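Presented below is the structure to which this report refers.
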Amino acid sequence: MQKIERNAPCWCGSGKKYKNCHMEFDEKLRHFEMAGHIVPDRGILKTPEQIQGIRESAVINETCLDEVMAKIRVGMTTQEIDDIVYDTTVRMGAIPAPLHYEGFPKSVCTSINEEVCHGIPDDDHVLQDGDIINVDCSTIYHGYYSDSSRMFLIGDVPEEKKRLVQVTRECIEIGLAEVIPWHFLGDMGDKINQYARKNGYKVVREIGGHGCGVEFHEDPFVSFVSKPGTEMLMVPGMVFTIEPMVNMGTDDIFQDEENGWTIYTADQKPSAQWEIQVLVTETGHEILTNWSRLESERIHG
Ligand code: MF3
Ligand code: CO
C-alpha cells in the first residue's frame, strides 16, 4: 500500500485530507496484514457512487426475479424463464450479464433438482410437478453488476426437497449475520458449512461467491466451507455474494461435457442454492439484492 502524506487528499476521492479520512482505516488494514491476514486491495472497495450504481442495478435484478416468481409454474420451459428475464432486463434499460459471458448462450441460469448451477435455459427443459429450481439472475445497469438467485418450488414438492430449500435459505441468513466489518470471510463460510452439515447436508467446495459490482466476478472468491479467522478480512466498502450450493447427498460434482457449463451432483441427489449480494458497512452490512421478497414457501402450481 502506497504511503500518503497526512495532509494530502485521501485516495478514496472524498476530497477530504487523508488524516481526516482513510488514514486510520489504512493503519488498521496494515495491522491485519502484518499479522498475516488477507486484506482487500483498494481496487475492490466501492465508492459511494459505485454503491449507488449497484443498488440501482439490483432493483432491476430483483424485478426480473419477481416477474419469474409471478409466472413460474408446472409445464413452463426454462426458455420461457429466460425470455422473462431478458425482456424485463432490457425493458428496464439494462443488460443480462450472463448473455455471451465467456460464451454462455442465455440470459439467466436455471438449475433444476440435481443441477447444482449454471443450467442453460432451453425449450426441452419443462418444469415438472415436484421440481425445485434455482433461477440465478445477473444484471448490468450503467456498468454496475448485480447478482442474486432464488429457489422456486414447482407444484407438489416432496417434504425432503422442501426442507433442503428451506435449510439452504437459512444458511444465507446465518452467513449474513456474520457479515461484520473487521471479521473474516472464513467466519461466515464456516457458520454456513456447520449449519448445513448439522442438517445432514454438504456444501459444494469448488464453486462459491465472489466480489461483484464493477465487474461480474471480482476478488475475493467466497468459500462456504472455510475456517474461522481465515480468508479475506471484511472491511467497509466490500461488496460480494453469499451463494452456497447445498447438496442433499455428496458434495462431489461434475460438469456437463457437452455444454461445458452445467454442474451436477455426482450422486444425482438434489442441490439447492440462494444468492444475495451484500455490502459491508461501518456497522454491519446492507443487502443490495432485496432479500425481503424471497419466497420459497409458495407453491408454484
Ligand atoms: N450468476 C452466477 C454467479 O452467481 C454466474 C453465472 S456465469 C454464467 O456467479 F455465465 F453462467 F451466467
Ligand atoms: Co454469483
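In this text, all values refer to a predicted model and were calculated from it rather than measured experimentally. Atoms within a ligand are numbered from 1 in the order they appear, just like the ligands themselves. Each residue takes its place number in the sequence, starting with 1.
Counting heavy atoms from C-beta on, the side chains of S57 and T139 come closer than 4.5 Å.
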Which protein N or O atoms sit under 3.5 Å from any N or O of ligand 1? Give atom names and distances.
unit_1   : atom_1 : unit_2 : atom_2 : d
ligand 1 : 1 (N)  : D136   : OD1    : 3.0
ligand 1 : 1 (N)  : D136   : OD2    : 3.1
ligand 1 : 1 (N)  : S138   : OG     : 3.2
ligand 1 : 1 (N)  : D147   : OD1    : 3.4
ligand 1 : 4 (O)  : D136   : OD2    : 3.2
ligand 1 : 4 (O)  : D147   : OD2    : 3.1
ligand 1 : 4 (O)  : E243   : OE1    : 2.9
ligand 1 : 4 (O)  : E243   : OE2    : 3.3
ligand 1 : 4 (O)  : E275   : OE1    : 3.2
ligand 1 : 4 (O)  : E275   : OE2    : 3.2
ligand 1 : 9 (O)  : H210   : NE2    : 3.0
ligand 1 : 9 (O)  : H217   : NE2    : 2.9

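Ring geometry for H217 versus Y101: interplanar angle of 30 to 60°, hence tilted. Ring orientation note: the planes of F216 and Y145 are close to parallel, at an angle under 30° on the 30°/60° scale. The aromatic rings of F104 and W261 sit perpendicular, their planes meeting at an angle over 60°, well past the 30° parallel limit.
The count of protein N, O or S atoms under 2.8 Å from the Co ion (ligand 2) stands at 4, with waters excluded from the count.
V165 and Y195 fall within the same hydrophobic cluster, defined by Ile, Leu, Val, Met, Phe, Trp and Tyr side-chain heavy atoms under 4.5 Å apart, directly or through other members.
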Going through the checks in order, is the salt bridge (Lys or Arg N to Asp or Glu O under 4.0 Å) test met by D136 and R150? CA-CA 7 Å; D136 188 341; R150 302 182 195 172; over 6 Å; no

Under the salt bridge (Lys or Arg N to Asp or Glu O under 4.0 Å) criterion, do K71 and E67 qualify, and how do the steps go? CA-CA 6 Å; K71 293 180 182 145; E67 288 288 318; 3.2 Å; yes

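Judged by distance alone, with hydrogens and angles left aside, the side-chain atoms of E218 form a donor-acceptor pair with the main-chain N or O of V214 at under 3.5 Å.
Put simply, the residue from R169, E170, K162 that forms a side-chain hydrogen bond (donor to acceptor under 3.5 Å, both in side chains) with Q166 is E170.
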